[in-house]
Amino acid sequence: MTIKEVSEKYGISQDTLRYYERVNVIPKVTRTSGGIRDYQEEDLRWVELALCMRNAGLPIESLIEYQRLFRAGI
């Protein structure tokens, strides 16, 4: 899926999706050979988790820490 499709599917801005990726709330999104974001199922699961946690009131810093711990295998 393109960033536009993901934005429309989840009702969030493309800027928010880019921000989540930039600050490591979600892992780096798969890209095409031309460098365009190409969201896969795994990427969408991370977006869904981030949105769920944000809607529950979890601060961005906690999501960043969770992602860090996840990558470290903790």
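Quick caveat, the model's predicted, so the values are computed rather than measured. In this chain, numbering begins with 1 at the start of the sequence shown.
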Candidate pair R37 and D43, rule side-chain contact (heavy atoms from CB on, under 4.5 Å), full reasoning:
CA-CA 10 Å; R37 287 175 177 84; D43 301 317; over 6 Å; no
Besides I74, the hydrophobic cluster formed by Ile, Leu, Val, Met, Phe, Trp and Tyr side chains linked at under 4.5 Å, directly or via other members, contains L69
State yes or no: do Y19 and L58 share one hydrophobic cluster built from I, L, V, M, F, W and Y residues joined by side-chain heavy-atom distances below 4.5 Å, directly or via other members?
yes
Tell me every residue that passes side-chain hydrogen bond (donor to acceptor under 3.5 Å, both in side chains) with D38, counting only those two or more places apart in sequence or in another chain.
Q40
Can you check whether I12's main-chain N or O pairs, donor with acceptor, with S7's side chain at less than 3.5 Å?
yes
Test salt bridge (Lys or Arg N to Asp or Glu O under 4.0 Å) on E21 and R18; report intermediate values, then the result.
CA-CA 5 Å; E21 185 179 355; R18 288 185 198 99; over 6 Å; no
Y10-V23 co-clustered via ILVMFWY side chain contacts under 4.5 Å
yes
Using the six-membered ring wherever Trp is involved, compare the ring planes of W46 and F70 and label them parallel, tilted or perpendicular (cut-offs 30° and 60°).
perpendicular
Let me see the working for Y20 and I60 under side-chain contact (heavy atoms from CB on, under 4.5 Å), right down to the final yes or no.
CA-CA 9 Å; Y20 283 175; I60 289 288; 3.7 Å; yes
Under 4.0 Å between a side-chain nitrogen and a carboxylate oxygen: does that hold for E65 and R68?
yes
Only counting residues at least two apart or in another chain, list the ones meeting salt bridge (Lys or Arg N to Asp or Glu O under 4.0 Å) with E48.
none
Same cluster or not: V6 versus I36, using hydrophobic residues (I, L, V, M, F, W, Y) connected whenever any side-chain heavy atoms lie under 4.5 Å apart?
no
